[in-house]
Structures are given as C-alpha cells and as structure tokens.
Amino acid sequence: MNSKVLLPGTPTSKIKEPAFRTPMSYSPRIVGNKPVPSPSRSELWKKQLGFEDDIPVDSPVESEDENSLDESDDKENISIVEYKTLQKQLDERNSERDELLFTIRNLSEKNKKYKQKLEKEEMTKRQQMRILCKTQEINLMEKDKLIGNLQSLVEEQEGRLVEAETATNGNGSLKLQGNANSAAYNKMVEDIKRLHEEKVSLTKQLELVQSEMENHSCMNGVSDDSNQEIITRLEKEKKELQEELNKYNKNSVQPSDTGPCHTDTEKQVEKLLSHNKELDEEVQELRQSQARSTSLFEEGVKKQKDLEEELKKYREKLTKLQESLQKKTEEQKEGELKHRDQVSKLQEEHRVTSRRMRDLMVEVTHLQAREPEVVTKIKLEDSQSQHSQLSALLEQEQGLNEQLSDQVNKQKERLISLAQETAEKLEEAERAKEAAIQNTKKQMERNLKHLEARYKQLCEQASLVLPAYQELFKSYTQLQAQCRQFPQALQTAITGINNQICQAIRNIGDYNKDLVRRYHKEMQLRKKYHNELVELKGNIRVFCRVRPKIKEDGGGVMGNIVVDYDRDDNGLIYVNNKGRSQTFEMDLVFTPESTQQQVFDEVQSLVTSCVDGFNVCIFAYGQTGSGKTFTMEGNKDNPGINQRALAMLFKETEDRGQDWTYTITVSVMEIYNEMIRDLLSGDPSYKMEVKMKSDGGLHVPGLCSEEVKSVEDVNQVFALGQKNRATATTNMNEHSSRSHALLTVQVLGVNKTTNVRTMGKLNLVDLAGSERVSKSGADGTRLKEAQNINKSLSCLGDVIHALRSKQSHVPYRNSKLTYLLQDSLGGDSKTLMIVQIAPVEKNLGESVCSLNFAQRVRTVRTGSGKQTRWFKQEMRQMESHQAPPTRPPLPPPDL
Ligand SMILES: Nc1ncnc2c1ncn2[C@@H]1O[C@H](COP(=O)(O)OP(=O)(O)OP(=O)(O)O)[C@@H](O)[C@H]1O
C-alpha cells in the first residue's frame, strides 16, 4: 500500500490540509483583478488523498496472502486429476482477476473523465456568469453616463439660452417673450436629441442582450448536448457494467452458493454494484440539472420576449412622441414666423411714428420761432389735432401690443404644457426602462444564485463520491499487490505440484509395472485354472437337451412323455423304456424348460477357449426333429449357439482390444453324401476336397472365408449360406436333416505388445439325423443318404473311441466329417456334443440310441487340451517375463 494514501481513519494531526476543502466560490469582483488560479478539482482530490500523480503499478506492496499458497507442502500425494483441477481453478481465478482489474481500470478512467467534464462545466458556468455580470455592469455604467451626458447637455443649453437672452435686441417684453419661447423650443429639441440618443443606446443594449442571450442559449444548447451525451454515455457504460456484472455473477454463481460473500472478488462485485448505483444517481442528477437548465433557458427566452415586447411598445411611444413633437415644432415655427412678422410691422410703424413725431417737433420749434399769434394759434390747433391723432395711434398700438402679448402668453402656456407632457412621458419611459433593467438584473442575480447553489450541490456530491473512490482505489491497490505476488506464488505452487506429479508419475510407473507383472501372473493362473477346469470336466463333454413336446409328436400312447429328470443331479436323465426306467449320466441335462440362453451359458467357456487359441468343436447330435437346428441356429427372435457364440466372440475380442488385435473369419459348409460344399461360394454345387499341406496341416483349397466384425455381418453370412443351401435342394427340410451343416469360425489374435499370435478355431456342427437306416426303410438315393450319414456318424464314434483308448491310429480319414475336423477332435482340442432327444413314446428307440452314443462318447478322455505352438510360447514368455520370441510368418488359414 502506498504510504501517502490518506485513509478515512488517519489522525488529523498528520493532516495539513482539511479533509475536504469547499471549492472557491465565484466572485465577479475578482474577475478583473486576475486572482490566483484556484486548483482544479482533481488536483484538490489528489492533494487531499495524498496521491502524487498516478501511483506506479509496480510499487512493492505487502500482501496478507503471501504464504497462502506455500501451505500446500502437505499435499504430497496429489493426483494428476487434482493437479489439473487446481490448475483449472487457478486459470479461472486468473481470468476473473484480469476481468476485475480491467473493470476497475475502466472505472477509474471513467471517473477521471467525469471529473474533467465536471470541471469543464464549472469553468463554462463561471465564464458565463462573469460575462453576464460584466455586461450588467457595463449597462449600468452606460446608463449613468447617459444621464450625466443629458444633464451636461441641459446645462449647456441653459447657458446658451442665457447668452442668447443677453444678446437679443428689442424691447423688454418682446425680448422676454422671445427668450422664453426659444428656451422652451431649445429644451424640446434637446429632449428630442436626448431621446434619440437614449433610443440608440437602448437599441445597442438590446442588441447586446440579444447576442448575450443567443450566446447563452448556444452555450446552454452545447451544455445540453454535452449533458445528453454524458447521460447516454453513462447509460451505455452502465449497461456494459451491468452486463459485465451479470456475466461475472453467472460465472461466480457456484462460489456464491456456498455462503455469503466473503471473497475479494465478491466484495469487488458489491463495490462495483454500489458504484454502478452511484453512477445511476449521478445520471439522474445530471438529468435533473439538465431539465432545470432547460427550464431556466426557457424562462430567459420568455423574459427576453417580454423585454422585446416592452421595447417595441417604448419604440412605438417614442415614434408617437416624435411625431407629436414634430407637429408642435412646425406649429411653433409658424407661430414664430407670424410673431416675427407682427413684431417687424409694429417696429416699422413705431419707427414711422417716431420719425413723424420728430418732424412735427421740428416744425413746432420752427413755428414758435416765427411767433405770429394767429399762425401760432393755427399751428397749435394743427398740433393739437395731430397730437390727438398720435394718441389714437398710440392707443391702437397699445391694443395691438396687448393682443400680441395675449397670443404669446397663450402660445407659451401651450408650449409649457406640451413640454410638461413630454417630460412626463419621458419620465414614464425612463421609469419603465429602469424597471426593466432592474428586473433583468434581479433575474440575472437569481440565476447566479441558482448556479452557485448548483455548484455547491455538485461539490457536496463530489465530497460524497470521494470516500467511495478512496475505497475503490484502496481495493484496487490491494488487488494490484495480489496480482504482483500471484505469479511468484503460482510459480512456487506449480513447481511444488510438478515435483509432486513427477513423484506421483514415478510411483504410478512402478505401480503399473507391478500391476502388469501381477496381471500377467493372474492371466497365467486364470488360463491354468480354466484349462484345469476344462480338463476336470473332460475334453469331450456331453450335454443332453430334451426338446418340449410339439404338435408333430401327436397324441395317444405314442405321444406319452417317457423322459424324466433328477431333481438333485442335473446330469441324470431317466427314460421309461417299456416300463423299465433306464438311467443315463451326462455332463449336463437340459430339460424342455431350458432356454437358449441357459444352454449358451454352459457353452460360452468353450468360446472363451477359442479366443485363447484352443480349437473347439460343438456338435448337435440326434434324430430328425429332435431340435438340433433349434439349438445351433435357433430362430430370428431366439437365436441359438451359432449367433450367440459369435456375438460373444465380438465382445470378448473387444474387451481384450487394449492388448490384442483380433480378426474373425467365418466359413460355412455342408457335407452331403460325403461331399463337401462351400455354401459361401458362388458355385455351392462345387465339390471341395480336404488336402494335406506340406507341414502336415489340413486345408480345403478354394474355401471362402468372410471376415465378420459385427452381428449384422454374421447374419448376412448366415443368410447367404441358407440361400445357397436352399437353391441346391428341392426339399429343404428333408435335405437339412440329411446333411451335416458346418460353421467354422477362425479367431486370429495378435498381441499388441509382444506381437505373439494365437489362432483358435470354433467348429459348430449341426449333424444330420441319426435315425437308423433300417427303420427308414428307404432305398435308392434315400438309402445312400442314410448310409452316408450312418457312416459319418459311426466314424465320428470310431475316432472318439480311438482317441479314448489312445490308439496309435485314429481313423480320421474314414469320413469327410472327421477328416475335416481332424485338428478339432484331437488331444489339443475341446469337444462338446449336445445330444438332442424328443420326449415322447414315439421317439423312444431313437432317443435311447442317441443317449447310448452319448454315454460312450462321454467316457473318452483325450488328456489336457493342447494349445497352439505360439500360444504355448506366449505362456512361457509370460512366466519368464522375457522378451517375446521372434514371430515366424503366419501360415495361411487352414482347417
Ligand atoms: N427346445 C425347444 N423348444 C421349443 N421348440 C423346439 C425345441 N427344440 C426343437 N423345437 C422344435 O421342434 C421342431 C424340430 O426341431 P428341429 O428342426 O430343430 O429338429 P432337427 O433335429 O434339426 O431336425 P432336422 O434333422 O430335420 O433338421 C421345430 O419346430 C423346433 O422349433
């Protein structure tokens, strides 16, 4: 942890600055004086948090979990699976940690961006406020200046009027009247000028205010747009965060199920959620502030409109006043002209009268100098008359003067009233203007206050966000520390686990070797015991199967059941032979209730022998209709030994597939009238011959053998054999009972490790009917068939007898059947004969004959089963644990 980071619990004595300083409030007075620039908000935060700049990522930090992974020393016996699980968990943790780091980085960057935006917003608002206040001040100053200018102009005009008064000639009353008129006139002109100027300045102000409003609206628009952008961006980020959180929550569902949030990751998730909420709140606040600014802007626009309307009204009033002033000016000009004309006429008359008075005075003086009384009298009379005329004229002039003064007074009064009226209107306009300015000023002040309040609010919000930011930063630093220590701890753990794995692999290797040794030993023992078991049972075993009574057996006496069984010994069968119970001992007796599967269960050990490399021969012996075909072939729904044996061979070879590769081939033949026919050949009528090979083995040249890999393949082969058998005969049932059907299965096995090969042969023979020829009473072809059947069956008995009595010569060649099965009937083979009998009185004689034959065969023991050469070598190899012998080339398959 960086020591400079100031945590909420740090003692205050160590803190030089306050926990959070309120930002500098805006003061228009200091705008012009260029105050010391206040630090930015991010700088303040950094300063208060104690951050220098960006904290370097690689700064060393202590971690509490430093030795947590070293505690795995006691996991010495860790398995590969556990190691893999640990590795997987580690990878998952890594990816989660990376995601969190990435999210935190993004959040801190966003935080920075928001702060910067906030600062920009504040700066913009401050500038706006500054501009507005400055504009207001300028307006006020201009107004004061205008008033001062007007006052000076009024004073100047008054001075000029005084000068004009002194400079004007003429009599006193006229001068006074003229001065008063011109003063009022001048004042009016000045007022008009002033109004013009005021109007111009107001127009300018209006333009200024408009431009400001436009600027303000633009800025508002910009800020609105930027606010909108911020909101959309925040919403987008919020969505992304929400998705990330959802994803993360999904990923972390399993750990959270185990209990409440205790891991760092879950805490981070909680923090992120709270931060997300804060961001939401911030977005809402921004929206509210945007709405407020929009409403303020609308209010401003409304007020601007009102002001514009007021200005319009004032302009209209001004134009009206100007018009009335123009009219009055014109009227005044006309009155002035009239007045001047009258004055000039009066002055002219006055001048004429004065001249005449002077002339009369000169004449009077001249007459007085002559002094004749009459003349004097006459002149006196004349002068009196003239004097009276003069006085009349004077009176007339006085009247005119009075009229003129009345008119002047009236005009003066009218002008005064007009001036008063104009002054009142001007005052009224002035007041309205003042009120509008005051209103605007108040509005601006209110806006300023509102903005300041908003600024404070934002500052408070920022101060609220600060602790969360500190907490986030703290956890971020902790995570960084964990991340830095993680690779080392991981490396240590991996090294430890690797060592453990190596040790475990060594142990497993040793254990495997031991297992292989034990396995070989067990295999050897199993085979030994199996052979011993087979030997104990005898290499030639004889089973008896009694078929159930069928429809063909008929009823009556001949249909009576003559066969019985021993409940305690399943090898005994009793036959009621004309009231005398005959007992026959077999290896096993199957009752009519025995199923195909039960029969096969007793046969399957021979099939296993075949896979082990033994030659096996299974015969079905009995009279026609005793159930031989049913036992060997069965039917589609209930298959016999043939199909079940092959299915089992597939399973057995598949089970051993890890160590052995097996190839199973099948040949189908029949022996009819001592002729061998290949039932898989394209020409089944072709007579095959058994030949002796140079090495002493037997084979049938040209015999077809099909490789089978599944039960489907076997069924196809069987179907082909049945088809070829049927096409060569006219009556299938009769033919089948008079020929031997042979299914030969060869199992070739190759050991994958030792390359040792085994070859086992399984001969499944459905013999021809064993009924006596004399009984059949046949002749011709039928007789020949019967003779051949009897011959081959008796030859089979001879061969078995020779083997039993260990004669030096075994007459294999006396029949095609024994010659063909020579290698499966000797001492190295296993033979099973299933003697089939019918249970009824009708078949009693043949049943007794069959049982006698079985009895004889059963007593023959040919010694232990002989294994093939290479199988024996393999067994020896297993016993000695030596390298396998070099495999000689495999001879071609033979029979
Ligand atoms: N265990 C048994 N359960 C039921 N039915 C049987 C059984 N054994 C034989 N059968 C029936 O008895 C009849 C004769 O059997 P099958 O044809 O197998 O005799 P077979 O000895 O083969 O005669 P063939 O020598 O003429 O071929 C058949 O209908 C068969 O279904």
Side-chain angles (χ1 to χ4, degrees), residues 543-555 558-559 561-563 565 570 573 586 588-603 618-644 668-673 679 718 721-722 725-726 728-743 764-773 775-776 778 781-782 785-790 792-793 796 817 832-851 853-854:
F543 294 167
C544 175
R545 188 179 190 185
V546 183
R547 71 155 169 80
K549 188 181 173 184
I550 58 171
K551 203 169 64 182
E552 285 79 6
D553 291 336
M558 298 310 280
I561 301 289
V562 292
V563 182
Y565 318 97
N570 59 5
I573 182 169
M586 305 288 149
L588 195 63
V589 175
F590 295 107
T591 64
E593 288 77 35
S594 300
T595 62
Q596 298 281 67
Q597 184 58 46
Q598 283 170 341
V599 174
F600 183 72
D601 285 345
E602 296 299 326
V603 171
I618 300 172
F619 294 102
Y621 180 94
Q623 71 170 116
T624 299
S626 59
K628 299 184 293 295
T629 310
F630 184 83
T631 297
M632 297 307 287
E633 291 179 16
N635 53 45
K636 199 180 173 186
D637 301 326
N638 201 5
I641 290 169
N642 291 3
Q643 206 172 44
R644 288 174 197 266
V668 184
M669 293 169 281
E670 75 165 3
I671 301 170
Y672 176 71
N673 276 341
L679 295 180
F718 286 173
Q722 288 291 334
R725 200 177 183 191
T729 57
T730 47
N731 188 331
M732 178 60 194
N733 287 332
E734 276 189 14
H735 179 80
S736 68
S737 62
R738 285 164 193 24
S739 63
H740 308 300
L742 277 90
L743 171 67
L764 303 164
V765 188
D766 182 2
L767 292 167
S770 62
E771 55 272 13
R772 284 161 294 179
V773 180
K775 194 184 174 186
S776 65
T781 312
R782 181 73 184 89
E785 281 173 359
Q787 284 169 344
N788 281 327
I789 291 163
N790 279 347
S792 62
L793 290 176
L796 180 65
L817 178 69
L832 171 67
M833 185 163 284
I834 303 169
V835 176
Q836 295 281 153
I837 59 167
V840 293
E841 178 74 38
K842 193 172 98 179
N843 302 109
L844 179 66
E846 291 300 330
S847 298
V848 169
C849 284
S850 297
L851 287 168
F853 178 81

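One-based numbering, in listed order, for ligands and for the atoms of each. Throughout, residue positions are numbered sequentially from 1 according to the sequence presented.
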Does [X], backbone or side chain, put an N or O under 3.5 Å from an N or O of ligand 1?
X      : result
Gly625 : yes
Lys628 : yes
Pro592 : no
Phe630 : yes

Would you confirm whether [X], through its side chain, and [Y], through its main-chain N or O, come within 3.5 Å as a donor-acceptor pair?
X      : Y      : answer
Ser626 : Ile837 : no
Lys549 : Ile561 : no
Lys842 : Gly555 : no

Distance from [X] atom [atom1] to [Y] atom [atom2], nearest 0.5 Å?
X      : Y      : atom1 : atom2 : answer
Met632 : Phe619 : CE    : CZ    : 9.5 Å
Leu743 : Asp766 : CG    : CG    : 10.5 Å
Leu817 : Asn788 : CG    : CG    : 12.0 Å

| Heavy atom of Arg545 under 4.0 Å from ligand 1? | yes
| field | Min heavy-atom dist Arg738 to ligand 1 below 4.0 Å | value | no
| Near Pro548, which atoms of ligand 1 are under 4.0 Å from a heavy atom of that residue? | 1 (N), 2 (C), 3 (N), 4 (C), 7 (C)
| In ligand 1, which numbered atoms sit nearer than 4.0 Å to a non-hydrogen atom of Gln623? | 21 (O)
| field | Winner among Thr595, Thr624, Thr629, Thr631 once heavy atoms are compared against atom 22 (O) of ligand 1 | value | Thr629
| Angle class for the Tyr621/Phe853 ring planes (parallel below 30°, perpendicular above 60°, tilted otherwise)? | parallel
